Amino acid sequence: MDILQNLATGLAASASPINLLFCLFGCLIGTLIGVLPGIGPIATIAMLLPVTFGLSPLGALIMLAGIYYGAQYGGSTTAVLVNLPGESSSVVTCIEGYKMAQKGRAGAALSVAAIGSFFAGCVGTILIAAFAPILAKFAEQFRSPEYFSLMLFGLIAAVVLAHGSVMKAVAMILLGLLIGIVGTDTQSGVARFTFGIPELYDGVDFVPVAMGLFGFAEILSNLDRRIDGEKTTARIGSLWPTRAEIRRAIPSSLRGTFVGSFLGILPGGGAVLSSFAAYTLEKNISKYRNEFGHGAIEGVAGPESANNAGAQTSFIPLLTLGIPSTPVMALMMGAMTIQGIAPGSAIITEKPELFWGMITSMWFGNLMLVIINLPLIGVWVSLLKVPYRILFPCILVFCCVGAYSINNSSFLIFMMAGFAVLGYVFNKLGCEGAPFLLGFVLGPLMEENLRRSMVLSFGDPMIFVVRPISLAILILSLLLVLLIVLPQFRATREEAFQE
Amino acid sequence: MVRVKSPQDFWAGLLFLAIGLLAVYFGRNYTFGTATKMGPGYLPTVLAWMMAGMGAFLVLRALIESGPPIERSLWRPQIFIIAAIVIFGFLIERFGLAPSVIVVTVIASLASTEMRWIETLILAAGLAVLCVVLFVTLLGQPLTIYSWGF
C-alpha cells in the first residue's frame, strides 16, 4: 500500500490552491502554444525559465510540465482543423485528422484525440508512479562508471532516433559537450575557454543557449518561410463520435498508449517519435487499412494517445536517473537546477512531496486539459487568427527581458544573439539543435563521471566493462550503433522519418 | 575538377572542422594529464579533435555523395531580429525596461514584410506595460522601469 500513501502525499501537495493554479497556467499556456504553429514547448519553456526563479520549486515544475503535455493536446486542434501541425508531435495527426475534418467529422476527431490523450496521460502518470521508485532504487547502486555509460547510451540513442544525418548529429553532440565544458574546471580551478570574460567563469548559462538555439532559430526559420498566409479553418461539427467511431478508436488508443509509454522512456524518444511510431503501427495492422489517407479515425486516436503517453513517461529517466532524454527534459533539468534541486534518484527519497506532487499534478493537468480543449475549443480556434507578425515580436521581447533578468547583465543578451545566429546557420545546414542541447547539459556531468571512474580504476578503461551494470548498458549502446550501421534498419529509419 | 555535391554537409563540415581546430588551439595550454589523473585539458582536447575529424569527414563525403542544397535566406528577417536582440542589450542598461521594450518591438516587427505601423505601436505599448507588470510588479525583479541614461 506504499504507492497509495505516496500518492496521498503527492495529492496533498499538488491539490493546494496555488499549485492547482500553476497547473492550470501551465496547461493553458501549453494548449495555447500547442494550437499556435511556429512556437513549440522547447522555446516556451526556455522563455519561462527566468519567470520560475521566483516560484516555489513544486509550483515551477508543475507549471513547466503542464506546458509540455498541454502542448500535445493543443497540437491536435490545429492539425485537425487547419492541416498544419501545431506541434511537431502532431505532424501525423494532420494526415487522417484533416481528412476527417473535410468529411465533416472534425469534432469527432478532436474528441477522440482529447479523450485518447486523457486516457494515455492517466496511464503515463500511473506508470511513472509505479516504475520510477523501482528504477530509482536500482539507480542507487550506480557509481561513476555506470553513470558515464548511461550518459553515453543516452547520447547514442539521441543520435539514432534523431532525424537526418547521423554524422552531423554526432558532431552536434560533440559541440554541445565542448560548450558545456566552458567555465572553471571544478577539479583544478583552471578557467577553460573563458577568454577572460568573467560571466563565463560559471559556465555558459543554460537559458540564453536554449532561447537562442530553439526560440530564435525557430522565429528566423519561420520568417524565412513566410508562414502567415491564409489559414482556412474547417468547421468543427458535432463533438460526439458515433458508436462505430468509438469502437474503432478504443483499440488504437490502447496501442498508441502502449507504444508511447515505451518509446517515451527511451532517450531521444519522447512525444514526437511516439506519434510517428504509433501512426506507422496503426497503418500496418488496422482492419481498415484501405481507409488510411482518407480519414481513418485510428490514425488520429493512435498517435494522439501515443504522443501524450510519451510526453509523460519521458519524465521517468530525469526523475530517477537525473538524465534528460529529450531537449524538453534538458530544460526541466535546467529548471530544477535553478531551484537548487539536483535531479536524480535522491529526489524520491529526499523530496517525496516534490516528486509525488509533480506526478499527481499531471493527473489534474490532464483532467483540466480535456475541459480546456473540448468545450472551449472555439476560443482556441479564434486564437489561430492571431497573425505571426504579432506573435514573434512578443516572443522576442519576452526572451530578451527574461534573459536579462537572470542576473541583470547584457552579456547574456549578446550571447543569446550569438546562439540565435548559430542555431539559424545550423538549421540551414541541416543540423539539429536537439543533440546539441543534450550534449551541452550532459557535458560537465560526463566529464566528472569519466574522471572519477578513471581515478577509481587507476586509469584502466576496463572499469566500464568489468562492472556488470555498466557492461549491460554499453552492450545496449553497441546494439544501437549496430542498428545504424545495418543497412536494413537504415532503410526503415529513413522511411520512418520520410512520412 | 572537384565539385561540392552536398553543400549542406560541406559547409557544416567546414564549420565543425574550424570550431574543432580553434578549440584545440585555445585549449593547448590546459594540462592534459594522464588517464588516471585527467587534467583540465584532457576531455576538451579529445572532444575537439573528434569534432574536427567529424568535420573533415563531412567535407570529404560532401565531395563524393550528393545531398540537398542550402535554402536561400531572405536576409531582412535575420538582420532585424538579430539587431533587435543586440540593441535591447545596449538599451536596457541605459534606459530601463519600458523604453527598451518599445524600441525593440518596433525593430523586431520590421523583420516581417507585412508589418503595419499602427498595429506595431499598439503592440509595443502593450508589451511594455505587460513586461513591467509581469516582471517588476508580479515577479519582483529588480529592473529599472525607465531612466534617461545620465
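Chain letters run A, B, ... following the sequence lines, proteins first, then strands; residues in each count from 1. Predicted, not measured: the structure shown is a model, and the values here were computed from it.
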Legend entry - Pick from Val421(A), Ile413(A), Val425(A) with the largest number of heavy-atom pairs that fall under 4.5 Å of chain B: Ile413(A)
Legend entry - Side chain / backbone / both / neither for Ser457(A) at chain B, heavy atoms under 4.5 Å: neither
Inset, instruction - Against chain A, label Phe16(B) side chain, backbone, both or neither, depending on which of its atoms sit under 4.5 Å from a heavy atom there. - result: side chain
Inset, instruction - Count the heavy-atom pairs under 4.5 Å between each of Ile81(B), Leu58(B), Ile70(B) and chain A, then report the option with the highest count. - result: Ile81(B)
Legend entry - Beyond-backbone contact of Phe398(A) with Cys131(B), side-chain heavy atoms, under 4.5 angstrom: yes
Legend entry - Expected output: side-chain Arg452(A) to main-chain Ser144(A) donor-acceptor under 3.5 Å: no
Inset, instruction - May I ask you to test the Leu178(A)-Phe440(A) pair for a side-chain heavy-atom distance under 4.5 Å? - result: no
Inset, instruction - Check for a donor-acceptor pair, side chain of Lys428(A) on one end and backbone N or O of Gly423(A) on the other, with a separation under 3.5 Å. - result: no
Legend entry - Top of Met54(B), Gln78(B), Met115(B), Glu71(B) for chain A proximity - count of heavy-atom pairs under 4.5 angstrom: Gln78(B)
Inset, instruction - Between chain B and each of Ile181(A), Leu396(A), Val401(A), count heavy-atom pairs under 4.5 Å; write down the option with the most. - result: Val401(A)
Legend entry - Residue Phe57(B) versus chain A: region with a heavy atom under 4.5 Å: side chain
Legend entry - Heavy-atom pairs under 4.5 Å with chain B, option from Ser405(A), Ala420(A), Ala403(A) with the top count: Ser405(A)
Legend entry - From Phe135(B) atom CZ to Leu130(B) atom CG, the distance as rounded to the nearest 0.5 Å: 8.5 Å
Legend entry - Pairs of heavy atoms under 4.5 Å with chain A: top-ranked of Leu127(B), Asn29(B), Leu15(B): Leu127(B)
Inset, instruction - Take Phe436(A) and Val209(A) through the test side-chain contact (heavy atoms from CB on, under 4.5 Å) and record every step on the way to the result. - result: CA-CA 10 Å; Phe436(A) 175 91; Val209(A) 173; 3.9 Å; yes
Legend entry - Candidate pair Leu445(A) and Phe148(A), rule side-chain contact (heavy atoms from CB on, under 4.5 Å), full reasoning: CA-CA 8 Å; Leu445(A) 291 172; Phe148(A) 178 79; over 6 Å; no
Legend entry - Under 4.5 Å from a heavy atom of chain B, the part of Pro461(A) involved: neither
Inset, instruction - Examine Tyr146(B) together with Phe95(B) and report whether their ring centres are nearer than 6.0 Å. - result: no
Legend entry - Structural part of Ala191(A) lying under 4.5 Å from a heavy atom of chain B: backbone
Inset, instruction - Identify which of Ile92(B), Leu138(B), Thr120(B) forms the greatest number of heavy-atom pairs closer than 4.5 Å to chain A. - result: Ile92(B)
Legend entry - Part of Leu456(A) lying under 4.5 Å from any heavy atom of chain B: neither
Legend entry - When Ile19(B), Leu134(B), Leu123(B) are compared by non-hydrogen pairs under 4.5 Å with chain A, the top option: Leu123(B)
Legend entry - More than 12 heavy atoms of other groups within 6.0 Å of Phe195(A) CZ: yes
Legend entry - Heavy-atom pair count under 4.5 Å with chain A, highest-scoring of Thr31(B), Thr105(B), Val106(B): Thr105(B)
Legend entry - Among Leu55(A), Asn408(A), Leu412(A), residue most engaged with chain B (heavy-atom pairs, under 4.5 Å): Asn408(A)
Legend entry - Contacting moiety of Ala124(B), where chain A heavy atoms sit under 4.5 Å: neither
Inset, instruction - Would you mind telling me which of Arg192(A), Met446(A), Met167(A), Met172(A) has the largest number of heavy-atom pairs within less than 4.5 Å of chain B? - result: Arg192(A)
Legend entry - Over 12 foreign heavy atoms within 6.0 Å of CD, Glu119(B): yes
Inset, instruction - Determine the sole option in Pro208(A), Cys399(A), Cys400(A) for which the side-chain contact (heavy atoms from CB on, under 4.5 Å) test with Ile85(B) is passed. - result: Cys400(A)
Inset, instruction - Counting only heavy atoms closer than 4.5 Å, note whether Phe414(A) contacts chain B via side chain, backbone, both or neither. - result: side chain
Inset, instruction - Under 4.5 Å heavy-atom distance to chain B, tell me which part of Val455(A) shows up: side chain, backbone, both or neither. - result: both
Inset, instruction - Indicate, with yes or no, if the rings of Phe216(A) and Phe392(A) have centres closer together than 6.0 Å. - result: no
